[in-house]
Every structure is written in structure tokens, then in C-alpha cells.
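What follows is a single structure, written as C-alpha cells, with notes after it.
Proteins come first, then strands; the chains are lettered A, B, ... in the order of their sequence lines, and each starts at number 1. Note that these values count all heavy atoms, side chains included, but never hydrogens, waters or copies made by symmetry.
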There are 2 protein chains.
Amino acid sequence: MSDLLERLRGRGWRMTAQRRVVAEVLDGEHVHLTADEVHSRAVAKLPEISRATVYNTLGELVSLGEVLEVATDKRAKRYDPNAHRPHHHLVCAQCGAIRDVHPNGNPLADLPSSERFGFTVSDVEVTYRGICPNCAAAA
Amino acid sequence: MSDLLERLRGRGWRMTAQRRVVAEVLDGEHVHLTADEVHSRAVAKLPEISRATVYNTLGELVSLGEVLEVATDKRAKRYDPNAHRPHHHLVCAQCGAIRDVHPNGNPLADLPSSERFGFTVSDVEVTYRGICPNCAAAA
DNA sequence: ATCCTACAATGGACAATGTCTAAGTCAAAT
DNA sequence: ATTTGACTTAGACATTGTCCATTGTAGGAT
């Protein structure tokens with residue numbers, strides 16, 4: 001079932017009904033929910049869960065490195081539980097659908113030191129944009 | 001002076017004091033201001049300019065393709081006037097400083113068709129993250 | 001130079017997203 | 001079973017962005 005829950009338990013994370021529900025909602029592939037969507041789905045399973053708890057829990061999961069924040073949407077942050085395997089994103093410019101993708105090569109190596117301005121570069125995030133098959137068909 | 005203003009005039013964009021001020025604030029290299037920062041600086045030059053106008057104007061500049069929205073920060077959108085030359089971004093994870101960078105290679109070519117899920121991919125946005133020299137020195 | 005009119009600007013209410021706090025509740029160690 | 005510190009709650013608050021009815025104005029026409 002839940003790789004995510006397993007890992008969290010293994011790390012001694014204090015388990016509560018609320019945290020379990022949030023982790024369950026996030027578990028899976030190609031999952032990229034906003035905080036509000038996480039909250040809605042969590043409420044469906046546990047009506048008395050509060051918004052603050054969802055935000056707190058998401059923040060902790062990010063700190064733990066179990067979930068990534070992605071800013072593909074210009075509106076709200078999205079949360080991607082697939083943090084253990086590096087990947088990038090392909091976003092539909094029209095409907096906002098998101099897929100995880102694995103490009104060839106290593107973009108980090110493509111940034112020459114002359115373009116690093118003295119930064120210690122540790123990470124790179126690639127967002128591809130285009131039109132998904134659905135939206136293309138609708139047009 | 002202002003390449004941006006020149007281009008806008010050339011495109012028959014109706015010029016007003018407010019629009020000129022917004023364009024002036026945005027003009028330059030390595031400029032990545034939030035809407036609110038644009039507003040503050042615009043107010044310094046033209047105290048009666050309203051927030052709505054700044055948002056409207058930024059939106060139009062984006063539609064015209066003269067300015068790009070970038071979502072490096074998880075909080076607010078930032079506006080990058082350097083739209084005529086393609087480039088990517090290097091962001092300090094600590095203080096949020098942003099530099100324009102030009103990596104080698106073409107990331108678009110690195111996404112094999114098997115990883116495109118039927119999308120028509122038209123654009124790619126690369127964000128490098130690291131620690132800037134200032135923050136490294138402070139640590 | 002003056003007048004018109006379509007387009008732009010205003011400000012203030014509203015909406016969406018995220019943060020904080022004080023008080024109550026509970027998981028887990030003992 | 002008790003205890004304790006961490007977790008949760010509800011709602012106020014903060015920030016960022018949008019909308020709309022009204023007022024103002026740039027730039028072409030005369």
C-alpha cells in the first residue's frame with residue numbers, strides 16, 4: 001500500500017489519525033495536489049481535520065524530504081510525494097494537468113561554472129510545458 | 001535606455017504615465033520583482049498609481065510576451081522583463097536571490113517522445129537551486 | 001487647438017491561499 | 001493508569017491576486 005506511511009513510521013514520526021490521512025491522500029504516482037485539494041480529500045476521510053493541521057503536516061513532510069513542493073501552477077503550491085525518485089514535470093498550459101517525466105542527461109552538468117556566479121549549485125528543477133492530448137483534441 | 005519602452009511604443013501600445021512607470025521599473029537585466037515590489041517602486045515615481053493598474057499592466061505585458069512570469073519563489077509570482085532572450089534561473093535557496101543563466105545544450109531535446117505522454121511540448125523552464133556566495137559567507 | 005470616444009486607471013470590496021495563536025486533546029513512554 | 005510534551009483545533013489575521021462600476025485621459029478626428 002503506502003510506501004510513504006511505511007517510511008514515516010520507520011523514521012519514528014509520531015502517528016496520528018490526521019497525519020495518517022494526509023499521508024494516505026498523498027500516496028501514489030503522478031500525484032500533485034494543492035494544499036486545498038489535500039484538505040478536501042482528507043476531510044472526506046476524517047471530517048474533523050482542520051486546515052491548519054493539513055498545512056502543518058504538509059510542511060513537515062517537506063522538511064522531512066518525503067514530499068516536494070512544486071510551483072508549476074502560478075496559483076498555489078502543489079505537493080509531490082514521489083520525492084525518493086528524482087524526476088521533473090510536464091505541465092499542460094491549458095488545463096494544468098501534470099505528469100512526472102524523466103529526461104535524458106543531467107541538466108546540472110549543463111551549467112558551466114562561468115554561469116554559476118559563485119553559487120554552490122545543488123539542485124535543478126525542469127518544467128516542460130505544452131498541450132496535453134485532451135486539450136489538443138478539444139481545440 | 002529603455003528597450004522595453006521602445007518595443008512597446010513600436011507595437012502601438014497606448015502609453016500612459018502609469019504604464020510608462022511600470023515599464024521603467026521593470027527594465028533591466030537580472031530584474032525579478034514581485035507584483036508588490038513593482039507597485040512599491042511605481043508608487044515612488046507616481047504616488048497615485050493603484051494596485052489594480054499595476055496588476056493589469058503586468059498581465060498585459062505578459063500577454064504581449066514582453067515579460068515572463070517566473071515561479072521560483074513559492075510565494076508570489078515574479079516578473080522577468082528579459083523575455084526577448086531565452087534564459088533560465090539560478091535561485092539562492094536561502095535568501096531568494098535570482099540570476100539569469102544560460103546553460104549549455106537544449107533541455108527540450110532531452111525529453112524523449114516516450115516521456116511526452118502525447119503532449120505537444122513547446123517550452124521548458126529550468127530552475128537551478130543553490131547557495132549564493134553571500135549566504136555561504138554568512139554561514 | 002479643441003473635441004470625442006474608446007480605452008485605461010481608480011479604489012475598494014471580494015476571493016484565494018497561507019500563517020499564527022491560545023486552548024484543548026492525545027500518543028506513547030513510564 | 002498517569003503523565004507529558006507534542007499534536008490538533010477553530011478562527012482571526014496576513015498576503016497575494018481579482019473584479020467592477022466609476023472616473024479620467026491619450027490620441028485621432030475636425
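Across the protein-nucleic acid pair, A:Arg9 atom CZ and C:dA27 atom C1' stand 13 Å apart, rounded to whole Å. Remark: P of C:dG18 and OH of A:Tyr55 are 4 Å apart, rounded to the nearest angstrom.
Between B:Tyr128 and A:Ser122, every side-chain heavy-atom pair lies at or beyond the 4.5 Å cut-off. Residues B:Glu24 and B:Lys45 are in side-chain contact: their nearest non-hydrogen atoms beyond the backbone lie under 4.5 Å apart. Looking at heavy atoms from C-beta onward, A:His84 lies out of side-chain contact with A:Glu66 at the 4.5 angstrom threshold. Side-chain contact check for A:Leu111 versus B:Val101: some heavy-atom pair is nearer than 4.5 Å.
Taking a cutoff of 4.0 Å between a charged side-chain nitrogen and a carboxylate oxygen, B:Glu125 and A:Arg129 qualify as a salt bridge.
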Query raised in the report: Do A:Trp13 and A:Glu60 pass the side chain to side chain donor-acceptor pair (under 3.5 Å) test, and can you show the C-alpha distance, the side-chain angles, and the key distance before you say yes or no?
Result: CA-CA 10 Å; A:Trp13 200 50; A:Glu60 283 175 50; 3.3 Å; yes
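A donor-acceptor pair under 3.5 Å is absent between the side-chain atoms of B:Arg41 and the main chain of B:Val25, judged by distance alone. Counting only distance, with no hydrogens or angles, the side chain of B:Arg19 and the backbone of B:Arg14 share a donor-acceptor pair below 3.5 Å.
In terms of position along DNA chain D, the nucleotide closest to B:Lys77 lies nearer the 5' end than the nucleotide closest to the other residue of the pair B:Lys77 and B:Met15.
Between chain B and DNA chain D, the heavy-atom contact criterion of under 4.0 Å yields a 5' to 3' nucleotide range of D:dT16 to D:dG27.
Helix-axis bend for the helix from C:dA1-D:dT30 to C:dT30-D:dA1: the local axis fitted to the five terminal pairs at one end deviates from that at the other end by 30°, rounded to 10°.
Tested against B:Asp100, the residues B:His88, B:His32, B:Arg85 include a single side-chain contact (heavy atoms from CB on, under 4.5 Å) partner, B:His32.
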Atom pairs, protein N/O to nucleotides 6-10 of chain C N/O, distance under 3.5 Å:
residue, atom, partner, partner atom, Å
C:dC7, O4', B:Arg14, NH1, 3.1
C:dC7, O2, B:Arg14, NH1, 3.4
C:dA8, OP1, B:Arg19, NH1, 3.3
C:dA8, OP1, B:Arg19, NH2, 3.0
C:dA8, O5', B:Arg19, NH2, 3.4
C:dA9, OP1, B:Thr16, OG1, 2.6
C:dA9, O3', B:Gln18, NE2, 2.8
C:dT10, OP1, B:Gln18, NE2, 3.3
C:dT10, OP1, B:Glu48, O, 2.8
C:dT10, OP2, B:Ser50, N, 3.0
C:dT10, OP2, B:Ser50, OG, 3.4
C:dT10, OP2, B:Thr53, OG1, 2.5

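A perpendicular orientation is assigned to the rings of B:His89 and B:His87, their planes being inclined by more than 60° (bins at 30° and 60°).
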